[in-house]
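Encoded as C-alpha cells, the structure appears first; notes follow it.
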Amino acid sequence: MTLHLYNTLTRKKEFFKPSTPGKINMYVCGITVYDLCHIGHARVLVAFDVITRFLRSQGWDVNYVRNITDIDDKILNRADENGELFSDLTDRMIDAMHEDEKALDILPPDIEPRATAHMDDILDMVEILVDNHYAYATDNGDVYYRVSRFPEYGKLSNRNPEDLLAGARVEVGDIKEDPRDFALWKGAKPGEVSWESPWGAGRPGWHIECSAMSTCCLGNTFDIHGGGPDLPFPHHENEIAQSEAATGKKYVNYWMHAGAVRVDNEKMSKSLGNFFTIRDVLQKYHPEIVRYFLLSSHYRSPISYSEDNLLEAKNGLERFYTALRPFADVKAVTLDELKGSEYHQRFVDAMNDDFNTREALAAMYDLVRDINTIAKTDDDKARALVAELKALGAVFGILGADAEAFLQGGGLTESTDGLTAEVIEGLIEERATAKKNSDFDRADGIRKELLARGVVLEDSREGTTWRRE
RNA sequence: GGCGCGGUAGCAAAGUGGUAAUGCAGUGGACUGCAACUCCUCCAUCGUCGGUUCGAUUCCGACCCGCGCCUCCA
C-alpha cells in the first residue's frame, strides 16, 4: 500500500503525492510558550514524531519544521502577572518544553523557528497584504486582514463566510471594517514590548507568524501542515487566507489534525483548567507508557486520559518487554532487512494507511506471540524475530529500554516501596536456599512478603527473576 | 442554530459487503513443589428503526445518544 492520509481540507483520505518526488516538507504548529506543556500538547508532539520516524524509515526525505510562538497576548499577560520580562518567561518555558520532549524521546524538528526571530518576514508579509488591499491599517496602529477580499475564506473548516458574518460577535467600539477581520499586527500600548513597523510600534497578531515562518522555511507551497484539534478554525483558516493572498499560490496540499485528549469526557484544555502537564504525568509513569498510551488510539480519534488507560498501557507494554527480556543483547535490524516479513508488511501497510498505529500494534502483538512460542524451541529464529520487534518498536520510539530495568521498575518513574534491588536479590538467594532444603514454607513466605510490596518473583530453569507490578 | 466527528465484547481499540484484529481484565486447560511468565481454549450478531442487496456491522435514509469547532486553547 502506498501512503494515504486524511486531509482536513477535503475531509477525505487521499493518496499522498509530494510536490517533489521522495521529499516531504512538513510544518507543524508548535507551542505558544506561556505555560508548561500538557498531555494534549504531548499528543501532537508524539503523533508527528512517530509520523516523521515512520516516513523516514520508508525512505522519505522529511523536512520537519515546528515553530515556537514566543510573542502573543497570553505570554504578555502571564509575564505581567509574574512581574517578569516576557522573554524570561518564554525562555524558561522553551527550556521546560525541550526537557519534556527529551523525556518523551521526541526527536527535535529539523527547524524550530521562533516568531520573534522572524519579525522581518512577518512584517514583509503584512506589508504585501496591505499593498494588495488584503489588509488595512487603523488609526491606533493595528493592521487587520480584510476577510471579504478572500472569497475562499472558510474552505478548510467548511464554513460559509456569510454564516461567519452572521455569527460573528461584534465588540463595542470595534474599529474593524468587518467583524470577521482579524489582526495581523497590533499597535503597542504604552509600556508594552514592541517592534518597529511602518504602522508604528507593535507586535504580530496570532496567525501571521505561522504564515511567515512556514513560507520562509518551506516555500510558498508545501506538503503537510499539522496541528492540534482546535486549530482548523480560526488559526489555520486565517493562515490560508494570509498566505494565499500574499503569494497567490496554494498554501498547503495536505492538512492533518490530531484528536483531542479528554478528561472525564471533556476536552483537556487550558481554558477549562482540566489539564495535566507532561511533568505531572511523567512523575508517575515511565515516559514510554505515556508514548504507548498516545499511540494506542488512532491519532485523529479522541483519547481519554485516565488512570485506567495509563495502567492498561503499562500492562500492554509489559507484555512486549516480557518477551524481550531474555534477549537483551539482540539489536534491532534495519527495516530494509525486513522486506518479506509478514509482520513488517502489516506494520508498514497499517502506517501507510493514515498512520494507523493501533493496527500496527496488533501486528506487533502477533509477533510477540510468535516470539514466545518459537523461543521454546528455536533460539536463533526467536532472536531474529526479536530483532524485528525491536526494529518496529524503534519506529514508534518504544521498546528501546532495557527490558529487565523496565520490568523491575514496574513502569513507574521511581520505586515507592523502599525496596532496593540488593534487598530483593538477597531475599531471592535466601529463598533459593530454602527451596534447596525443601523448606517451601519459608520460600513461599518470601514470595508472599515481596508480593505484598508489589514485587513478583518468577522461577525458571535459569533461576529466579523479579519485577514490580 | 451552523459545520464536523463518533457510537464495535467488562474496559480499551482496529477493521471489513459474505457472521469481527489486537491489548487489558475474566473462563477453562497445559506447564509449575506452589506461583508468575508463557502457550492453548472460551467470551461481541458491531446505538435504534427502515431501505438497497442473494447477503450489511460495513452502503443509503431517519432517529436517539456522546463529543468537537464556531471565543483564547494542541
Side-chain angles (χ1 to χ4, degrees), chain A residues 8 11 28-32 34-35 37-48 69 72-74 77 154 157-160 162-164 166-169 171 206 226-235 237 257-262 265-273 275 292-293 296-298 300-304 306 308-309 311-320 322-323 325-326 346 350 353 356-369 371-376 407 435 438-441 443-444 447-448 451 455-461 464-467 469:
Chain A
T8 309
R11 291 177 295 286
V28 174
C29 279
I31 314 292
T32 299
Y34 71 103
D35 204 347
C37 294
H38 59 59
I39 292 295
H41 297 109
R43 184 175 201 191
V44 175
L45 260 15
V46 168
F48 285 99
T69 295
D72 151 273
D73 286 357
K74 291 185 295 299
N77 291 152
S157 50
N158 195 26
R159 263 152 241 246
N160 182 329
E162 301 304 313
D163 293 346
L164 286 168
R169 79 162 101 161
E171 281 149 42
W206 173 31
D230 33 24
L231 296 183
F233 190 92
H235 186 55
E237 199 68 71
H257 294 94
V261 176
R262 294 182 188 166
N265 213 25
E266 236 183 6
K267 194 179 85 156
M268 179 184 296
S269 75
K270 291 283 181 68
S271 51
L272 288 172
F275 62 92
Y292 178 94
F293 161 67
S296 60
S297 299
H298 185 88
R300 279 190 285 114
S301 306
I303 190 169
S304 280
S306 69
D308 281 356
N309 286 159
L311 226 49
E312 191 176 305
K314 167 184 173 302
N315 290 339
L317 254 191
E318 277 176 357
R319 179 166 167 79
F320 282 120
T322 303
R325 190 176 209 172
R346 280 172 60 194
D353 184 11
N356 192 336
T357 50
R358 182 64 182 215
E359 182 81 16
L361 277 174
M364 290 171 68
Y365 277 113
D366 285 338
L367 175 53
V368 165
R369 184 177 307 110
I371 288 170
N372 287 333
T373 302
I374 286 171
K376 292 174 188 164
L407 293 169
K435 274 172 64 178
S438 294
D439 182 359
F440 293 117
D441 283 348
D444 289 350
R447 189 208 291 287
K448 266 184 201 158
L451 189 59
V455 175
V456 182
L457 300 188
E458 297 172 332
D459 297 335
S460 73
R461 268 182 214 138
T464 300
T465 54
W466 62 274
R467 67 185 163 86
E469 278 185 315

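Chain A is the first sequence line, chain B the second, and so forth, proteins listed ahead of strands; every chain is numbered from 1.
Taking atom C1' in both G7(B) and A13(B), one finds a spacing of 13 Å when rounded to whole Å. Nucleotides G33(B) and A44(B) place their C1' atoms 40 Å apart, quoted to the nearest Å. A gap of 24 Å separates the P atoms of A35(B) and G23(B), to the nearest Å. Across the P atoms, C42(B) and A21(B) are found 11 Å apart, a figure rounded to whole Å. With P as the reference atom, C59(B) and G68(B) are 25 Å apart, rounded to whole Å. Only the C1' atoms considered, G26(B) is 39 Å distant from C54(B), to the nearest whole Å. Between A9(B) and A62(B), the distance separating the two P atoms is 25 Å to the nearest Å. Taking atom C1' on both nucleotides, U22(B) is separated from U8(B) by 13 Å, rounded to a whole Å.
Within the 4.5 Å cutoff, the side chain of Leu361(A) has heavy atoms near those of the Phe320(A) side chain. Annotation: side chain of Arg325(A) is in contact with side chain of Leu407(A) (closest heavy-atom distance under 4.5 Å). Considering only heavy atoms from C-beta on, Leu451(A) comes within 4.5 Å of Val456(A) through its side chain. The side-chain heavy atoms of His38(A) and Val261(A), taken from C-beta on, include no pair separated by under 4.5 Å. Contact of the Arg159(A) side chain with the Pro234(A) side chain is not registered, since no non-hydrogen atoms from C-beta on lie closer than 4.5 Å. A 4.5 Å side-chain heavy-atom check between Glu318(A) and Asn315(A) finds at least one atom pair inside the cut-off. Between Tyr34(A) and Asn77(A) the shortest side-chain heavy-atom distance does not fall below 4.5 Å. With a 4.5 Å cut-off on side-chain heavy atoms, Asp459(A) and Arg447(A) count as touching.
Backbone-only contact: Ser301(A) has heavy atoms under 4.0 Å from sugar-phosphate atoms and none from a base. Nucleic acid contact for Met268(A): base, since at least one base atom lies under 4.0 Å from a heavy atom of the residue. Across all strands shown, Arg319(A) has heavy atoms under 4.0 Å from sugar-phosphate atoms exclusively, and none from any base. As judged by a 4.0 angstrom heavy-atom cut-off over every strand, Phe440(A) is placed among the base-contacting residues. Nucleic acid contact for Ser296(A): sugar-phosphate only, since backbone atoms but no base atoms lie under 4.0 Å from a heavy atom of the residue. Across all strands shown, Ala258(A) has no heavy atoms under 4.0 Å from either base or sugar-phosphate atoms. Residue contacts shown for Gly259(A) include a base, since a base heavy atom lies under 4.0 Å away. Using a 4.0 Å heavy-atom distance criterion, His257(A) is classed as making no nucleic acid contact. Among the heavy atoms of the strands lying under 4.0 Å from Gly316(A) are primed sugar atoms or P, OP1, OP2 only; no base atom is included. Here Arg467(A) lies in heavy-atom contact (under 4.0 Å) with sugar-phosphate atoms only. Within the nucleic acid shown, Asn160(A) has no heavy atom closer than 4.0 Å to any nucleic acid atom. Base engagement by Pro229(A) is indicated by at least one non-hydrogen atom pair under 4.0 Å involving a base atom. Using a 4.0 Å heavy-atom criterion, one finds that Leu457(A) contacts the bases of the nucleic acid, with or without backbone contacts as well.
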Taking Watson-Crick and G-U wobble contacts under 3.5 angstrom, with | marking pairs to another strand and [ ] crossing pairs, the secondary structure of RNA chain B is written (((((((..(((.........))).(.(((.......))).)....(((((.......))))))))))))....
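Interface remark: the Ser157(A) side chain does not form any donor-acceptor pair with the C3(B) base, using a distance-only criterion of under 3.5 Å. Side chain Arg447(A) to base A35(B): a donor-acceptor pair is found below 3.5 Å. Remark: the Arg369(A) side chain and the U38(B) base include no donor-acceptor N/O pair separated by less than 3.5 Å. At a cut-off of 3.5 angstrom, the base of G33(B) holds at least one donor-acceptor pair with the side chain of Asp444(A). Asp459(A) contributes a side-chain N or O that forms a donor-acceptor pair with the base of C34(B) under 3.5 Å.
Nucleotide C67(B) holds its P atom 12 Å from the CG atom of Leu272(A), rounded to whole Å. Regarding Asn309(A), its CG atom lies at a distance of 12 Å from the P atom of C11(B), rounded to whole Å. In this structure, CZ of Arg358(A) is placed 16 Å from P of U16(B), rounded to the nearest angstrom. Put simply, CG on Leu231(A) is 16 Å from C1' on G4(B), counting in whole angstrom units. A straight line from CG of Asn265(A) to C1' of G66(B) spans 6 Å, rounded to a whole angstrom. For Arg43(A) and A74(B), the CZ to P distance is 15 Å, given to the nearest whole Å.
The side chain of Ser271(A) approaches C72(B) more closely than any other nucleotide in the set C67(B), C72(B), C3(B). Closest contact between the side chain of Thr322(A) and the listed nucleotides A74(B), A13(B), C37(B) involves C37(B). Proximity note for Arg346(A) (side chain, C-beta onward) versus C39(B), C70(B), A21(B): the nearest is A21(B). Nearest to the side chain of Glu312(A), among C67(B), A12(B), C37(B), sits A12(B). Of the candidates A36(B), C69(B), G4(B), the closest approach to any side-chain atom of Glu458(A) belongs to A36(B). Comparing G4(B), C39(B), G2(B) by their nearest atom to the side chain of Asn158(A) picks out G4(B). Out of A74(B), A21(B), G68(B), the shortest distance to the side chain of Glu266(A) is found at G68(B). When distances are taken from the side chain of Asn315(A) to each of A14(B), G66(B), C24(B), the shortest belongs to C24(B). Here the nucleotide nearest the side chain of Arg159(A), chosen from U22(B), C73(B), G2(B), is G2(B). Among A74(B), G4(B), C69(B), the nucleotide with an atom closest to any side-chain atom of Ala260(A) is A74(B).
Using modelled atom types, no side-chain atom of Arg262(A) and backbone atom of Ile303(A) make a donor-acceptor pair closer than 3.5 Å.
For the 3.5 Å distance criterion, the side chains of Arg369(A) and Asn372(A) fail to qualify, holding no donor opposite an acceptor.
Remark: Asp441(A) CG to Lys448(A) NZ distance equals 8.5 Å, nearest 0.5 Å. Separating the OG1 atom in Thr322(A) from the CZ atom in Arg467(A) is a distance of 6.0 Å, to the nearest 0.5 Å.
Put simply, Asn356(A) has a side-chain N or O that comes within less than 4.0 Å of OP1 or OP2 on G15(B). For the pair Trp466(A) and A36(B), the criterion of a side-chain N or O lying under 4.0 Å from OP1 or OP2 is not met. Side-chain N/O atoms of Lys376(A) include none lying less than 4.0 angstrom from OP1 or OP2 on C39(B). Contact between the side-chain N/O atoms of Lys314(A) and the OP1/OP2 oxygens of C24(B) is not found at any separation under 4.0 Å. At C39(B), one or more side-chain N or O atoms of Asn372(A) fall inside 4.0 Å of OP1 or OP2 (strictly under the cut-off).
Each of Phe233(A) and Asp230(A) was assigned the nucleotide of RNA chain B with the nearest heavy atom; the assignment lying further toward the 5' end belongs to Phe233(A).
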